[in-house]
Amino acid sequence: MHHKDKFTWIAMIVGLAINGHGEQALAMFSNMIEASVTPDEITYIGISCACTHAGMVDKGTSFFTSMTIQHGIKPNVTNYGCIVDLIGRAGHLEEALVVILNMPIKSNSMCL
């Protein structure tokens, strides 16, 4: 493929993530950034999915933080649902509850 737009990158990241290739998904994200393609909230859903499937809690929470700090993206309820899933699957249920209770947006069934 000669031209990779944001949607091409996201498809690759999510495809790798849901098939258990978390490290490769994160490498693809790095390549995306190096190619000067700006991520969006959907990109970060793929990153959270990659970290969840690979058990990379610290990396996942770090990426969630960088979403706002580095890229100025306001997390939506789905992004919060993904981070709650990541933390909860790692057995940190109290921490996941704290995230839900402190979300600046109204939670829905995605987070519960």
Side-chain angles (χ1 to χ4, degrees):
M1 180 174 277
H2 295 285
H3 175 71
K4 297 177 186 170
D5 62 12
K6 175 175 59 175
F7 304 104
T8 306
W9 288 104
I10 292 171
M12 290 298 298
I13 291 167
V14 171
L16 289 164
I18 64 174
N19 285 291
H21 303 286
E23 291 288 346
Q24 291 172 317
L26 298 184
M28 187 68 61
F29 178 73
S30 294
N31 292 340
M32 176 181 157
I33 299 301
E34 288 174 14
S36 299
V37 177
T38 305
D40 62 11
E41 61 276 351
I42 305 300
T43 311
Y44 277 96
I45 291 170
I47 294 302
S48 294
C49 181
C51 292
T52 298
H53 286 282
M56 298 183 288
V57 179
D58 291 338
K59 280 188 179 181
T61 55
S62 177
F63 276 113
F64 184 78
T65 302
S66 74
M67 179 178 173
T68 303
I69 294 172
Q70 287 184 308
H71 299 287
I73 301 168
K74 184 178 176 183
N76 61 34
V77 71
T78 305
N79 296 115
Y80 277 102
C82 289
I83 200 69
V84 167
D85 183 46
L86 169 69
I87 296 167
R89 284 180 190 254
H92 307 289
L93 301 180
E94 289 182 18
E95 186 179 342
L97 181 59
V98 168
V99 171
I100 293 169
L101 296 175
N102 292 313
M103 288 180 358
I105 55 180
K106 185 178 179 186
S107 66
N108 63 16
S109 61
M110 184 76 177
C111 296
L112 300 177

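Quantities reported herein were computed from a predicted structural model and do not represent experimental measurements.
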Query raised in the report: Linking I/L/V/M/F/W/Y whenever their side-chain heavy atoms sit closer than 4.5 Å, directly or via other members, would Val57 and Ile100 fall into one cluster?
Result: yes
Only distances under 3.5 Å count here; give the side-chain donor-acceptor pairs of residues 65-76 to other protein atoms, sequence neighbours excluded, each with its distance to 0.1 Å.
residue, atom, partner, partner atom, Å
Thr65, OG1, Thr61, O, 3.1
Ser66, OG, Phe63, O, 2.9
Thr68, OG1, Ile73, O, 3.1
His71, NE2, Tyr44, OH, 3.3
Asn76, OD1, Thr78, N, 2.9
Asn76, OD1, Asn79, N, 2.9

Compile the donor-acceptor pairs under 3.5 Å between side chains in residues 32-40 and protein atoms, sequence neighbours left out, one pair per line.
residue, atom, partner, partner atom, Å
Asp40, OD1, Ile42, N, 3.0
Asp40, OD1, Thr43, N, 2.9
Asp40, OD1, Thr43, OG1, 3.0
Asp40, OD2, Lys6, NZ, 3.1

Report task. State which residues pass side-chain contact (heavy atoms from CB on, under 4.5 Å) with His21; sequence neighbours excluded, sorted by chain then number. Result -> Leu16, Asn19, Gln24
Requested in this report: Identify whether Phe64 and Val99 are in the same connected component of the hydrophobic contact network (ILVMFWY, side-chain heavy atoms under 4.5 Å).
Outcome: yes
Query - Apart from Leu97 itself, residues in the same hydrophobic cluster as defined by side-chain heavy atoms under 4.5 Å - result: Leu101
Report task. Look at the side-chain heavy atoms of Ile, Leu, Val, Met, Phe, Trp and Tyr, link any pair under 4.5 Å apart, and say whether Ile83 and Ile105 land in one connected group. Result -> yes
Query raised in the report: Step by step, would you call Ser48 with Leu86 a side chain to side chain contact (heavy atoms under 4.5 Å, CB included)?
Result: CA-CA 7 Å; Ser48 294; Leu86 169 69; 5.8 Å; no
**Report entry** Non-neighbouring partners of Ala96 that pass side-chain contact (heavy atoms from CB on, under 4.5 Å), sequence neighbours left out
**Finding:** Val84, Ile87
**Report entry** Test item: Asp85 and Arg89 side chains (from C-beta on) under 4.5 Å apart, heavy atoms
**Finding:** yes
Report summary line: Taking every heavy atom of Ile47 against every heavy atom of Ala25, the minimum-distance pair comes out as CD1-O, 4.4 Å
Query - Trace of the side chain to side chain contact (heavy atoms under 4.5 Å, CB included) decision for Ile18 with Cys49 - result: CA-CA 7 Å; Ile18 64 174; Cys49 181; 3.6 Å; yes
**Report entry** Contacts of Glu23 that satisfy side-chain contact (heavy atoms from CB on, under 4.5 Å) - sequence neighbours left out
**Finding:** Met56, Lys59
